[in-house]
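Each chain gets a letter, A, B and so on, in the order its sequence line appears, and its residues count up from 1.
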Number of protein chains: 12
Amino acid sequence: MDDHVYKVVELVGSSETSIEDAIQTAIRRAGQTLRNLRWFEVIQTRGHVENGEVRHYQVVLKAGFTLEPD
Amino acid sequence: MDDHVYKVVELVGSSETSIEDAIQTAIRRAGQTLRNLRWFEVIQTRGHVENGEVRHYQVVLKAGFTLEPD
Amino acid sequence: MDDHVYKVVELVGSSETSIEDAIQTAIRRAGQTLRNLRWFEVIQTRGHVENGEVRHYQVVLKAGFTLEPD
Amino acid sequence: MDDHVYKVVELVGSSETSIEDAIQTAIRRAGQTLRNLRWFEVIQTRGHVENGEVRHYQVVLKAGFTLEPD
Amino acid sequence: MDDHVYKVVELVGSSETSIEDAIQTAIRRAGQTLRNLRWFEVIQTRGHVENGEVRHYQVVLKAGFTLEPD
Amino acid sequence: MDDHVYKVVELVGSSETSIEDAIQTAIRRAGQTLRNLRWFEVIQTRGHVENGEVRHYQVVLKAGFTLEPD
Amino acid sequence: MDDHVYKVVELVGSSETSIEDAIQTAIRRAGQTLRNLRWFEVIQTRGHVENGEVRHYQVVLKAGFTLEPD
Amino acid sequence: MDDHVYKVVELVGSSETSIEDAIQTAIRRAGQTLRNLRWFEVIQTRGHVENGEVRHYQVVLKAGFTLEPD
Amino acid sequence: MDDHVYKVVELVGSSETSIEDAIQTAIRRAGQTLRNLRWFEVIQTRGHVENGEVRHYQVVLKAGFTLEPD
Amino acid sequence: MDDHVYKVVELVGSSETSIEDAIQTAIRRAGQTLRNLRWFEVIQTRGHVENGEVRHYQVVLKAGFTLEPD
Amino acid sequence: MDDHVYKVVELVGSSETSIEDAIQTAIRRAGQTLRNLRWFEVIQTRGHVENGEVRHYQVVLKAGFTLEPD
Amino acid sequence: MDDHVYKVVELVGSSETSIEDAIQTAIRRAGQTLRNLRWFEVIQTRGHVENGEVRHYQVVLKAGFTLEPD
């Protein structure tokens, strides 16, 4: 992180396949409206269970973006 | 929580009558601009005192809403 | 707490009316199978929102009961 | 909070009826010796159970008061 | 999470291949005796090392199940 | 910890003599019904005071046991 | 804090000279789009090092603003 | 804990012999001015080292006493 | 910290100029009634904003003093 | 963990492909100078974003090794 | 702690007899290579169980030493 | 932070003048033996008091350096 001013948002993404895919789902969706996303941090990892199997993973993220344009 | 992407915002509401009313005050006010609010989590409960009596309760919430429309 | 050995369980109760009612719902339901419940501690308070209104409160509790009979 | 110097004390209050009443019980009792109480923050919410019912709520608070007189 | 009463248990699962597989191992094993598992939350991720390589991943979970039957 | 699946329970033990004895009291009592206890972790250490002297120590533990038989 | 509803945002500011300047940099930049900023809380203080010297300080803040206009 | 109002104080005690003795040292000293001490909770355990040996243990406690007389 | 018994108090100080000055303001004010203050620890740093500028810094401290006279 | 004395180090590893690979990268690199690594614990999971895609994962670990030789 | 620069290391010690002995075991072993150890802080207390009895205590410590010689 | 492997050390620095100077004191002293220091994070801010005045500030830091040479 350099000397920009960042704003940090909290996001929740989910995936049926992996924790990494749940992270990417959240980052891509947020990237549609927030340009200049720079980093993320995982706050919580959880998920749902159906019939004794993991149905999907759900990841809570903080993600930072620069307030200045590129 | 299903497989939507959520964004989470932090809110502070207050009430002279109860903790529940402080929660509802924040949720209703936020709902004027954030459609699709789905859940909240209480982060902190506090309040102000005047003349030795509780003057109002103040609740800090995280609230999540889907980024997709209903 | 006196010199008994306690076991502690984690419970989630909910209510459409208040945080206190969500606590009581969890304690009463757990009391059907766990005799000798003695105390509880609130771990988290959260809830669901529908159409911009709080739909119900949900409280995560730890509750302790003595391993010895009364 | 303005530019006074505050001292913060920790209190535990209880009530058979509600969390809010447990807060008020602690604030009123502390107010008998601490003038200038200004705010509180709930640190923990717990309680006792008797015969499978909540017997009373117990709330741990931090409460701040100005060191200067009004 | 809807308006059921949940009980929450803590589990530790492990896997030689991935964090997700360690989660599934714990959920499947617990599901043999706990019907109605609904969700999990990862509390800690750790593992063992042998000869400078990760030998297996170990994940500590909380998992919630409804106290009522389906 | 090897590659078993563990379940973790929370216990409270007490002793008039020492923190170690409070731990042992909880482990022994739990061991009457939970075979295969493997490890514990101290979550909280507290106690009661009478007439200005420590009356007994009370220790909150998490304890893990394998779900498989030995 | 009085009885307004607040929204809380998370910001990161930086400065080559001091922690206070990093706070002010974030508050001023955020104030260009968020009117009615009222308070902040420092969440984390960190920084970068170059050639064995502190290159700049970086401060993560939460900042609250009223949802109502002044 | 019953339905009294408690005040909680934070204390640091030390001992050259054991953690339990450090707790007792703090409780006894505090008991000279605070009657009605009822319980304590250990917040932190630390100590000093001299010439590669533990010189003394130091325990940070919270201790609660009733505001009402016995 | 040597082998005295300490009592720890929580204080809030503020300053328009710096975090260090807010600390000193709290320590000096507390020192008028608490002799033998020995150390402090910063618990929280926050502040107020007016017209988009930091109006003052506010620091929450724990401060320890020996119960014995010097 | 048996009765050895362990030293614990903190490491940060990264990977473009997965969280598990970031863990392995850190463990392998540390293993070049620290023999006898035995276990790790994930402290934080984060990463960088470029053009709206996750560029790499970064994992902060604690890793323990025995001070005695094998 | 005076105005030296300290480095802090994390250690794990164990003992079959007591928590204090586990602390001393770690401090003595570390003292063979780290001169100038000054203080420690207990981060976690845990242990192993065999046949329903505590087999040994294990204590995780942070320990600080001056970077300058005495 | 890019894709290097980092090691993180914990340091304590102090200064009679400011928190920033205490950070720089620790970073400079550590930089004499640890080349490639890249970032720091403040873990705790505290200090000593003499005669009712702040005598010096003491800052606990985590600092990261690349394991590879530049």
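Nearest heavy-atom pair across J/R46 and A/E41 is CB-CA, 3.8 Å. A/Q24 approaches J/Y57 most closely through the heavy-atom pair NE2-OH, 3.3 Å. Scanning all heavy atoms of the two residues, the minimum distance from A/R28 to J/G52 falls at CG-O, 3.8 Å.
None of A/I23, A/N36, A/L37 except one satisfies the side chain to side chain contact (heavy atoms under 4.5 Å, CB included) rule with J/V49; the exception is A/L37.
With rounding to the nearest 0.5 angstrom, the CZ atom of A/F40 is 9.0 Å from the CD atom of J/Q58.
Using a 4.5 Å cut-off between heavy atoms, A/I43 does not touch chain J at all.
Remark: side-chain polar atoms of A/E20 are not paired, donor with acceptor, to backbone N or O of J/T17 under 3.5 angstrom.
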